[in-house]
Amino acid sequence: MIRTVHVSHVGRVRPVNEDSVFVSTLEHGYTLGVVADGMGGHLAGDTASRLAVDTVAADLSSLEPGIPLEGIRAALGDAILHANEVIYQEASSDERLHNMGTTIVAVLLSGSEGYIGHIGDSRAYKVASGQVTRLTDDHTLVNELYKSGQITEDQLETHPRKNVLSRALGTDEDVTVELTPVSISDGEVLLLCSDGLSNRVSRDLIGQISGSLDLPLEERADRLLQLALLAGGEDNITVAMFEHQEEVVGQRKKGWDS
């Protein structure tokens, strides 16, 4: 059984929350989570992230039962590409939305196995046996510089162009989706987040809190949110968590904006 929770907060500086999030248990044993971090100004960022989440959720809400993992991969990839088309066309038809775009990180699970799809610098982490593993690779200019050896790992965090994306959803007519297989075993946690969390809370601390199995999932998500706020909260903050539990008496899902 997969338990879920999501939280989102505007942060301490920005007037509008340009993040969007969707988490749901779908029919036939599927679980879907989507986090999108919009860009292009208040109206444009809001619109881009909302369109991304709404399109992916609508496309995947009525999946047939028993789809094999390769079908899960294809369905998730197609839904994200459809969202790219929707955002790009909307931006092309309205000057107020010119150049809008968004990051996206999404997971589609069939039972405890599935795929993560992502574009941009919103991230997915897996926490298992006290160890945290990052499952996504940022599509940013500085990450490209790092991979090509032009800057060091330490410079990744302080580079003045750290937040410049090399790939985004909706800014170009064609885009490539990164698709990564994932599975969650009993006691393991999958976390999706916008960079409002990952830029302010270290990976080790994310793993420590997410893996605190003695705490309710809701409390772990809220603690991560509060840590990002305490660290400055300059950006919008969104967290979605998925935990595999073999036996749960009554599944309780909770999501809120505060």
task: Check the pair Asp19 / Ser194 against side chain to side chain donor-acceptor pair (under 3.5 Å), numbers first and verdict last.
output: CA-CA 8 Å; Asp19 288 358; Ser194 62; 2.9 Å; yes
- prompt: Side chains of His118 and Leu192: closer than 4.5 Å at any heavy-atom pair?
  reply: no
field: Pair Glu218-Arg3, salt bridge (Lys or Arg N to Asp or Glu O under 4.0 Å): steps then yes or no
entry: CA-CA 10 Å; Glu218 293 86 354; Arg3 297 192 63 240; 3.4 Å; yes
- prompt: Can you find a heavy atom in the side chain of Val239 that is under 4.5 Å from one in the side chain of His6?
  reply: no
field: Contact check, side chains of Ile237 and Asp235, non-hydrogen atoms, under 4.5 Å
entry: no
message: Rounded to the nearest 0.5 Å, what separates atom CG in Leu225 from atom CZ in Arg200?
response: 14.5 Å
Under 3.5 Å side-chain donor-acceptor pair for Ser129 and Gln131: no
query: Honestly curious: do Tyr88 and Ile104 fall in one hydrophobic cluster under the side-chain, below-4.5 Å linking rule?
result: no
Atom pair CD (Glu178) and CD1 (Ile119), whose distance is rounded to the nearest 0.5 Å: 8.5 Å
query: Just by distance, with hydrogens left out, do Ser8 and Asn17 show a side-chain donor and acceptor under 3.5 Å apart?
result: yes
- prompt: With a 3.5 Å cut-off and no angle check, do the side chains of Asn236 and Asp37 form a donor-acceptor pair?
  reply: no
- prompt: Should Arg220 and Glu243 count as an ion pair when the cut-off is N to O under 4.0 Å?
  reply: yes
task: Could you tell me whether Glu234 and Arg12 make a salt bridge, using a distance below 4.0 angstrom between a side-chain N and a carboxylate O?
output: no
- request: Check whether any side-chain heavy atom of Thr4 sits under 4.5 Å from a side-chain heavy atom of Met241, and report yes or no.
  value: no
query: Where is the tightest heavy-atom contact between Ile2 and Gly111, given as atom of each residue plus distance?
result: CG1-O, 3.6 Å
